[in-house]
Trainee: 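Sharing a structure below in structure tokens format, with a few things to ask.
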2 protein chains.
Amino acid sequence: MANPSVSEPSGSASATQRAYGRLRDLIVTGELKPGEKLKIDGLRQRLATGASPIREALSLLTSDNLVERFDQRGFRAANVSENNFREILTLRCSLEDMALRQSIENASQAWEEHIVLAHHRMQRAHTEQSDEFEARHKAFHMALLSAADSPILLKFCSQLYDLNIRYRYLAGNALHYQQRDVTSEHEQILTACIARDTQTAADTLLNHYKTTGAFLTGLLGTGSL
Amino acid sequence: MANPSVSEPSGSASATQRAYGRLRDLIVTGELKPGEKLKIDGLRQRLATGASPIREALSLLTSDNLVERFDQRGFRAANVSENNFREILTLRCSLEDMALRQSIENASQAWEEHIVLAHHRMQRAHTEQSDEFEARHKAFHMALLSAADSPILLKFCSQLYDLNIRYRYLAGNALHYQQRDVTSEHEQILTACIARDTQTAADTLLNHYKTTGAFLTGLLGTGSL
DNA sequence: TCAGCGCATAATATCGATATTATGATGCGC
DNA sequence: GCGCATCATAATATCGATATTATGCGCTGA
């Protein structure tokens, strides 16, 4: 399968959790395409599990905006559109800005160490071309926000992260060229956070998103997707 | 029973939807108390339906932060706390501010008529002491934001609304005294929206929330809940 | 030739039953 | 008398089967 896995260990406890994580990966990575009908029975076989866990997982994904439910007519992978992407990008900028500022405000030594570690792990995964890079990348970004002491806000950010990264996968290799200075951008953000330089951190972070975002919007606009 | 119903017609299609709406009401109104164990079998009998719809509904409510899931140990109604309430209030102010500004920016005649109508219905329900007031109240607030053209943001707002109003129910009649000038506040907001006076509308709306919020925080602080 | 009705097919939504897992009490050993 | 392991109980999580509902095709009649 060779699946990157944006999420946590998939060997976890309940079948529902496994199905949830697995399906989310499939959708985020585009293996299940936007708008694609998600037939219970098909997925049941694919994930080798019963219908109940599948349905529950799909319900959860519905709340994450990754799946659309049509009463009595099953589920589909959520559609994509330029508008949708713009919305995600805009919201993400607003909410992460908010969260990052709160996070830095509450900054503690533990948090500082946490982000340093998360950054390092991401870096290592990157140089090693590891499968884990995606997970580490998300972990780093969430770590930045983690001191915000606002679980709901963090949950929103996490959801938006997934929604956003889905578009990156859809753009696929078109995006590889611009592995540009992402690394340096990450370092800048990290440095600013350690220095408790809220403004720079926020500016850099948002710019980080907007740059990638603008590029993706371009692709979407040209109908490449 | 005499249940106000914060949500839509509960006679709708699927058992899952019914269970979802019903359970949400039960939790929001406090009939199912914070932290209370939600035993599948109990609910199954109470709502006269099977286990699958219940589980699916609970999964959905988990995503709404109204229910907590403990793997292999079932579900509980989400706990409440002063911190949690403050978080909801803060987030709600930020997000609704954002949404309201967008909404006014996109204001159309249709939207204007929509909010006037929603306001009128709420008023009528209020004077008639109708059961529907809660639903109308939410409808009015959501209508204000409805031109925002950002479904995800609106969904977040809707969720936060429910979370917030849950605390109002928990405070119960202690809150009745302060039916104060809520009516006039609503009118002010409506008027400002019609006038496209973004700043006033936003200020009034946020003040509306913060006033009620401060009062509730007070109650929570004194351990009245 | 085409629109509309009705049937066959396929998928969903739901139920009832089972296996698995937590929980609380009981008794044994120390 | 107290702590710990063990067992009975109760609840969850999951499965397989069924009933209900949508869907697409072919047929009829204009």
Side-chain angles (χ1 to χ4, degrees), chain A residues 7-27 31-79, chain B residues 7-27 31-79:
Chain A
S7 50
E8 307 83 64
S10 40
S12 53
S14 69
T16 298
Q17 298 287 335
R18 277 198 304 275
Y20 173 69
R22 189 95 180 76
L23 284 175
R24 190 176 58 182
D25 281 352
L26 288 175
I27 295 170
E31 217 165 310
L32 291 172
K33 300 200 193 74
E36 182 174 346
K37 184 110 213 293
L38 303 177
K39 292 185 218 170
I40 306 285
D41 211 55
L43 299 175
R44 213 188 57 72
Q45 284 183 270
R46 189 164 187 170
L47 306 201
T49 184
S52 313
I54 300 280
R55 289 189 61 81
E56 256 183 76
L58 289 173
S59 290
L60 289 169
L61 289 164
T62 295
S63 296
D64 293 341
N65 290 89
L66 282 169
V67 165
E68 293 172 296
R69 147 179 257 150
F70 300 86
D71 230 54
Q72 233 76 6
R73 260 178 289 176
F75 301 86
R76 309 186 89 90
N79 269 302
Chain B
S7 51
E8 306 83 64
S10 39
S12 54
S14 68
T16 298
Q17 297 289 334
R18 277 198 304 275
Y20 173 69
R22 189 95 180 75
L23 284 175
R24 190 177 56 182
D25 281 352
L26 288 175
I27 294 170
E31 218 165 310
L32 291 172
K33 300 200 192 75
E36 181 174 345
K37 184 110 214 293
L38 302 177
K39 291 186 219 170
I40 306 286
D41 210 55
L43 299 175
R44 214 187 57 71
Q45 284 183 270
R46 188 166 186 170
L47 306 201
T49 183
S52 314
I54 298 281
R55 289 188 62 82
E56 258 183 75
L58 289 173
S59 290
L60 289 170
L61 289 165
T62 294
S63 296
D64 293 341
N65 291 89
L66 281 169
V67 164
E68 294 173 294
R69 147 179 256 151
F70 300 86
D71 231 54
Q72 233 76 8
R73 260 178 289 174
F75 302 86
R76 311 185 89 90
N79 270 302

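Here is the naming used below: chain letters follow the sequence lines, and residue numbers restart at 1 for every chain. Computed over heavy atoms, backbone and side chain alike; hydrogens, waters and symmetry mates excluded.
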Trainee: How about A:Q17 and B:D71: do any of their side-chain heavy atoms sit closer than 4.5 Å?
Mentor: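 In short, these two side chains touch, coming nearer than 4.5 Å.
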Trainee: To check you understand the geometry: which heavy-atom pair defines the closest contact between B:S63 and A:S63, and what is its length?
Mentor: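 Minimum heavy-atom contact is CB-CB, 3.1 Å.
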Trainee: Determine whether B:T49 and B:R22 make a side-chain contact, defined as any pair of heavy atoms from C-beta on separated by less than 4.5 Å.
Mentor: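 B:T49 does not reach B:R22 side chain to side chain.
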Trainee: Rounded to the Å, how far apart are B:F75 CZ and D:dT12 C1'?
Mentor: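 Computing the B:F75:CZ to D:dT12:C1' distance gives 9 Å.
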Trainee: Is the shortest side-chain heavy-atom distance between A:F75 and A:L43 below 4.5 Å?
Mentor: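 No - every pair of side-chain heavy atoms lies 4.5 Å or more apart.
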Trainee: Could you check which residues of residues 56-71 of chain B get a heavy atom under 4.0 Å from DNA chain C? Sort them by number, please.
Mentor: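 Here the set is empty: none.
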Trainee: Round to a whole Å and report the spacing from OH of B:Y20 to P of C:dA13.
Mentor: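 So the two atoms are 17 Å apart, to the nearest Å.
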Trainee: Mind checking A:I54 for me? I need base, sugar-phosphate or nothing, with any heavy atom below 4.0 Å counting as a touch.
Mentor: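 Nothing: the residue A:I54, judged by heavy atoms under 4.0 Å, touches no strand.
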Trainee: For A:R24 and A:L66, what are the C-alpha separation, side-chain angles and deciding distance, and is it a side-chain contact (heavy atoms from CB on, under 4.5 Å)?
Mentor: CA-CA 8 Å; A:R24 190 176 58 182; A:L66 282 169; 3.6 Å; yes
Trainee: Can you name the residues that form a side chain to side chain donor-acceptor pair (under 3.5 Å) with A:N79, not counting sequence neighbours?
Mentor: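 A:N79 satisfies side chain to side chain donor-acceptor pair (under 3.5 Å) with no other residue.
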Trainee: Tell me: NZ of B:K39 to P of D:dT9, nearest whole Å?
Mentor: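 Rounded to the whole Å, the gap is 17 Å.
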Trainee: Is the phosphate of D:dA11, meaning OP1 or OP2, less than 4.0 Å from a side-chain N or O of B:K37?
Mentor: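 No.
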Trainee: Between A:R73 (CZ) and D:dA22 (P), how many Å, whole number?
Mentor: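 The answer, rounded to whole Å, is 7 Å.
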Trainee: Using side chain to side chain contact (heavy atoms under 4.5 Å, CB included) as the criterion, point out the one residue from B:L58, B:L60, B:L23 that pairs with B:V67.
Mentor: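 Between B:V67 and the candidates, side chain to side chain contact (heavy atoms under 4.5 Å, CB included) is satisfied uniquely by B:L58.
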Trainee: Between D:dA13 atom C1' and A:R18 atom CZ, what is the distance in whole Å?
Mentor: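 The answer, rounded to whole Å, is 11 Å.
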Trainee: Just the rounded figure in Å: distance from C1' of C:dA11 to CZ of A:R76.
Mentor: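 That distance rounds to 13 Å.
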Trainee: Can you check the A:L43 CG to C:dT12 C1' distance for me, whole Å?
Mentor: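 Going from A:L43 (CG) to C:dT12 (C1'), I get 13 Å.
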Trainee: Would a 4.5 Å heavy-atom cut-off, applied to side chains only, mark B:I40 and B:R55 as touching?
Mentor: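 Side-chain contact under 4.5 Å: yes.
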Trainee: Should A:T16 be listed as having a side-chain N or O under 4.0 Å from OP1 or OP2 of D:dT14?
Mentor: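 So the side chain of A:T16 is within the cut-off, an N or O lying under 4.0 Å from OP1 or OP2 of D:dT14.
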Trainee: Pair B:L26, B:E36 - check side-chain contact (heavy atoms from CB on, under 4.5 Å), show working.
Mentor: CA-CA 12 Å; B:L26 288 175; B:E36 181 174 345; over 6 Å; no
Trainee: Considering only nitrogen or oxygen atoms on both sides, find all protein atoms under 3.5 Å from nucleotides 15-21 of chain D and state each distance.
Mentor:
{"unit_1": "D:dC15", "atom_1": "OP2", "unit_2": "A:T49", "atom_2": "OG1", "d": "3.1"}
{"unit_1": "D:dC15", "atom_1": "OP2", "unit_2": "A:G50", "atom_2": "N", "d": "2.5"}
{"unit_1": "D:dC15", "atom_1": "N4", "unit_2": "A:S52", "atom_2": "OG", "d": "3.1"}

Trainee: How long is the line joining CG of B:L38 and P of D:dT12, in whole Å?
Mentor: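 It works out to 9 Å between those atoms.
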